[in-house]
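Residue numbers start from 1 in every chain, and the chains themselves are labelled A, B, ... in the order their sequence lines are given, proteins ahead of strands.
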Amino acid sequence: MCAHLIVMLRTALLAAVLGLGWIAAPAVSAPPDNNADVYRAVREGSAQSITFTAPADQMLIQSEGQTWRQWRNGPITQIGGWVLAGVFIALVLFRLIRGKIKLEGPPTGRLIQRFTTVERMTHWTVAGTFVLLALTGLTLLFGKHVVIPLIGYSAFSWLAALAKNVHNFIGPLFFAATLVMIALFVRDNLWQSIDALWIRKAGGLLSGEHVPSWRFNFGEKTWFWLGVTGLGLLVGITGLVLDFPGYGQIRQDMQLAHILHASGALIFMALSLGHIYIGSVGMEGALESMKTGYVDETWAKEHHEYWYREAKGATGAAPAAPTGARPSGAH
Amino acid sequence: MARMKFLCDTERCIECNGCVTACKNEHEVPWGIQRRRVVTINDGVVGQEKSMSVACMHCSDAPCMAVCPVDVFYRTEDGVVLHDKDACIGCGYCFYACPFGAPQFPQEGAFGQRGKMDKCTFCAGGPEADGSDAEFEKYGRNRLAEGKLPLCAEMCSTKALLGGDGTALADIFRERVVRRGGTGAELIGWNTAYGGGEQKREQTRGGDK
Amino acid sequence: MNATRTVILIGAALALAACSEAPQVTHYEAGTYSGKPDTRPWESAAYGGDKAKWESDMRARARKQTEIGRMPPS
Ligand code: HEM
Ligand code: SF4
Ligand code: SF4
């Protein structure tokens, strides 16, 4: 009788300790109707029966959520933030040390067409939507830490709702524009043997030397393939998976898509800072070419010598255009 | 100080879905949403079938709270995890993070986007005046403010589902286990829900605050 | 130029501040939660702020969920 009581008490104690503490505790003295195996199966995330159909609900406990949380709140928020800040600072330093890349020769006043209207419109659609997506995406990722302390909780909730909706509606537009852009530029971004020289000289970035190239140099090609094509497609496709729930993707798919989307987007943004820098304040004449479609012959010769020669050869004599104006009748 | 928890005794749950229905009715939960669900493990396998009722467990170190980009969640002094629907942007992050699949969303607007998140409130309403129409419409009844416990648990016919202060529930469960003679140590979900930070912090904080 | 540099430096400082680890879990302790405030259950009309009474009521209510002890032991 007494022994029975002790066994009962011990079991009760065990129940309390194990139950409150650790589900997968070793089956002490394994009573015949111990459920440990059943619950171990549960923690592996297998689908169970429910009386209505919703795939996510069939899983009793999903452990992946915790992994997702740790990735998103950990490395993505922290390393991602540092990488962005680091690239920004690096560019500021680069600008301070190296200054603006200026034309060496005097401008000739003669203009060559570098980008067609369609190319420019596509570029600015991609660029505009990208900036909107980057700003709204960053709002969702860092707003809680940066913006709430500044403008307060209610105002931020309003801003975040706007950010989310802008992000979700602009996203597909960005994706479509990216596809067009890839199609337009892919030909001139294929490997050309002169690119080896650019790699050997690291683009002349630090020396200030001009490395000849065709229409796009290897730096631009890297941005095209890694940035626009690789990250653009990655961020775009994962974004669409997140944007349109209810096409059969389950929670785990969306967690994975989100991790890829957010990390891809952060790398994309870091690279884009370099691209935006060189295309605007970093280099004389670069912005003009995407704004008007035309560059000065001096610029063309210094930055893309082979392309310049080809363009000259193709059009025969240099088109004599009045200084600063676009030649009329350009296609 | 109370620490509100849910406990489902799988040795007793008979998958009657009474808790699900009671909850839907009590709070007039939006169309398409069930704040509680009953999951059956090993359905049809004789002798191994276990059912359990699950909803938001009101986690100690709540994942939903940690990932919400707009910080809509708050934990009450008695450990109930509540949220502010006014501020929710329907991003779905809480749904990705939650181990128990508690957050749910009405489909809204263009392309069936997510509306404002809805989940179990432990019958504690939300950030509106207690018992007001606004509170009822967004969050349902506030039974805690009326001195009552969650309806799902209180009306459970087999008393499989228990709700209330964690120590009280542990006492009840312990008594049961003693009677049964040795089975039922698996308080499923408790480690996931209550094993995290806050509980540890509460323990080291030492006593009430 | 100087102004630009200041702006850039402030921007960099802000960008860096974004990386500091903030607590991820909100505590509902008076004054620390920035979101929409809520009253506590014992501050309702039914209890009028009597926390002790609310807690003892809750405990009593929780105990009603067990059938053990309702019958005399056999
Ligand atoms: C096809 C294009 C895109 C689509 C469809 C898309 C869609 C989404 C969706 C659905 C989310 C989840 C949050 C929410 O529902 O509001 C998200 C998050 C995010 N997106 Fe995008 N996105 C796209 C492009 C981009 C681009 C180009 C960037 C940045 C360069 C970006 C950066 C982000 C960031 C930083 C987050 C937040 C991650 C977090 O809060 O953890 N996205 N995006
Ligand atoms: S069960 Fe889910 S919704 Fe409830 S507190 Fe835990 S993580 Fe949040
Ligand atoms: S859906 Fe609402 S509650 Fe959930 S994480 Fe997003 S904003 Fe927060």
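- Side chains of C/Thr66 and B/Leu162 form no contact here, defined as non-hydrogen atoms less than 4.5 Å apart.
- A salt bridge links C/Glu67 with B/Arg12: at least one charged nitrogen is closer than 4.0 Å to a carboxylate oxygen.
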task: Could you go through the side-chain contact (heavy atoms from CB on, under 4.5 Å) check for C/Lys64 and B/Glu154 one step at a time?
output: CA-CA 8 Å; C/Lys64 284 191 184 156; B/Glu154 289 206 315; over 6 Å; no
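- The shortest side-chain heavy-atom distance between C/Arg59 and B/Thr167 does not fall under the 4.5 Å cut-off.
- Put simply, the side chain of B/Leu82 reaches to within 4.5 Å of the side chain of C/Asp38, judged on heavy atoms.
- In terms of heavy-atom pairs under 4.5 Å with chain C, the best-connected choice from B/Gly164, B/Gly126, B/Gly131 is B/Gly126.
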field: Steps toward salt bridge (charged side-chain N to carboxylate O under 4.0 Å, His left out) verdict (C/Arg63, B/Glu175)
entry: CA-CA 12 Å; C/Arg63 284 304 301 178; B/Glu175 290 158 15; 3.3 Å; yes
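- A donor-acceptor pair is defined here as one N or O able to donate and one able to accept, closer than 3.5 Å; such a pair exists between the side chain of C/Gln65 and the backbone of B/Gly163.
- Contact of B/Ala129 with chain C is not made at all, since no heavy-atom distance falls under 4.5 Å.
- Only the side chain of B/Asp86 comes within contact range of chain C, with heavy atoms under 4.5 Å apart.
- Comment: B/Glu77 engages C/Arg40 in a salt bridge, judged by a side-chain N to carboxylate O separation of less than 4.0 angstrom.
- B/Asp78 has its side chain out of reach of C/Met58: every pair of non-hydrogen atoms, C-beta onward, lies at least 4.5 Å apart.
- With hydrogens and angles disregarded, a donor-acceptor distance shorter than 3.5 Å links the side chain of C/Trp54 to the backbone of B/Leu144.
- A salt bridge links C/Lys36 with B/Glu128: the distance from a Lys NZ or Arg NE/NH1/NH2 to an Asp or Glu carboxylate oxygen falls below 4.0 Å.
- Heavy-atom minimum distance, B/Ala145 versus C/Ser44: O-OG, 2.7 Å.
- Interface residue B/Leu161: only backbone heavy atoms are found under 4.5 Å from chain C.
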